[in-house]
Amino acid sequence: MNTTPNHPASPANPPSLIAHFQDLPDPRVNRTQDHDLIDLLIIAICTLLCGGESFNDMEDFGRAKQDWFKTFLSLRSGIPSHDTFNRLFAALDPKAFLDCFLRWTQSVRQAVPQEIVALDGAAPGHE
C-alpha cells in the first residue's frame with residue numbers, strides 16, 4: 001500500500017508491511033549484509049502466511065515468487081538461502097520483531113471491517 005504524502009496512512013489505507021518493519025534493528029554486521037533486511041523479513045512473513053514452515057520453505061517460496069517480489073523488493077543479491085534466513089532469525093531480537101508484527105496485524109484489523117479469521121482457521125470464540 002502506498003503511504004506517500006499523497007496517500008497518507010489511515011484506517012482505510014494502513015501502512016504497508018514494509019513500513020511496519022522498516023525500523024526493526026538489523027543485528028547483522030555490515031560485512032554480512034548481502035541482502036536487505038526488509039527483503040528477508042517480507043519473504044519470510046509471506047512464506048509463513050502462505051503455509052510455509054521452515055527456512056527451506058522461505059528460500060523455495062522466494063524463488064517461486066521471485067518475479068512478484070522483484071516488483072516491490074530490491075533483491076540486490078537475489079533470493080536469500082535457507083541458511084541466511086536461519087542466521088537472521090537466530091540473531092533478531094524476538095521482542096522487537098513481535099512488536100513490529102503486532103503493529104502490522106493491528107493495522108490490518110483496523111482496516112478490515114469484517115471479522116478476521118485467525119491464521120489457524122478458527123474464528124474468535126469458536127475454539
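Computed from heavy atoms alone, side chains included, the values below leave out hydrogens, waters and symmetry copies.
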What is the minimum heavy-atom distance between Pro25 and Ala96, and which atoms define it? CD-CB, 4.3 Å
Between Phe97 and Phe21, what is the ring plane arrangement, given parallel below 30°, perpendicular above 60°, and tilted in between? tilted
Pairwise side-chain contact, Ile43 with Leu73, heavy-atom cut-off 4.5 Å (strictly under): yes
If the threshold is 4.0 Å, N to carboxylate O, is there a salt bridge linking Lys95 and Asp93? no
Does Phe85 reach the side chain of Ser54, with side-chain heavy atoms less than 4.5 Å apart? no
Quick one, Leu37 with Leu88, criterion side chain to side chain contact (heavy atoms under 4.5 Å, CB included). Give me CA distance, side-chain angles, the key distance, then yes/no. CA-CA 9 Å; Leu37 177 63; Leu88 172 69; 3.6 Å; yes
Examine Leu24 and Val29 and state if one hydrophobic cluster contains both, with Ile, Leu, Val, Met, Phe, Trp and Tyr joined whenever side-chain heavy atoms are less than 4.5 Å apart. no
In Å, rounded to the nearest 0.5 Å, how long is the span from CD of Gln66 to CD1 of Ile79? 4.0 Å
Hey, does the side chain of Arg63 reach the backbone of Pro80 with a donor-acceptor pair shorter than 3.5 angstrom? no
Are Thr105 and Arg109 packed together at the side-chain level, in the sense that at least one heavy-atom pair is separated by less than 4.5 angstrom? no
State, with a plain yes or no, whether a side-chain heavy atom of His82 is found less than 4.5 Å away from one of Asn86. no
Roughly how far, to the nearest 0.5 Å, is CG of Asn30 from CZ of Arg28? 9.5 Å
With the side chain counted from C-beta on, respond yes when Leu41 and Phe89 share a heavy-atom pair under 4.5 Å apart, and no when they do not. yes
Tell me whether Ile18 shares a hydrophobic cluster with Leu98, the cluster being built from Ile, Leu, Val, Met, Phe, Trp, Tyr side chains joined at under 4.5 Å. no
What's the separation between atom SG in Cys50 and atom CD1 in Ile45, rounded to the nearest 0.5 Å? 12.0 Å
So Ser107 and His20, do their side chains get closer than 4.5 Å, heavy atoms only? yes
Same cluster for Leu102 and Leu49 if Ile/Leu/Val/Met/Phe/Trp/Tyr side chains link at under 4.5 Å? no
Quick one, Thr84 and Phe55 - any side-chain contact, counting heavy atoms below 4.5 Å? no
Please identify which of these residues, Asp34, Asp39, Leu40, meets the side chain to side chain contact (heavy atoms under 4.5 Å, CB included) condition with Asp36. Asp39
Could you tell me whether Arg87 and Asp83 have a side-chain N and a carboxylate O separated by less than 4.0 Å? no
Atom CG in Leu17, atom SG in Cys46: separation rounded to 0.5 Å? 6.5 Å
Between Asp57 and Thr47, is any side-chain donor less than 3.5 angstrom from a side-chain acceptor? no
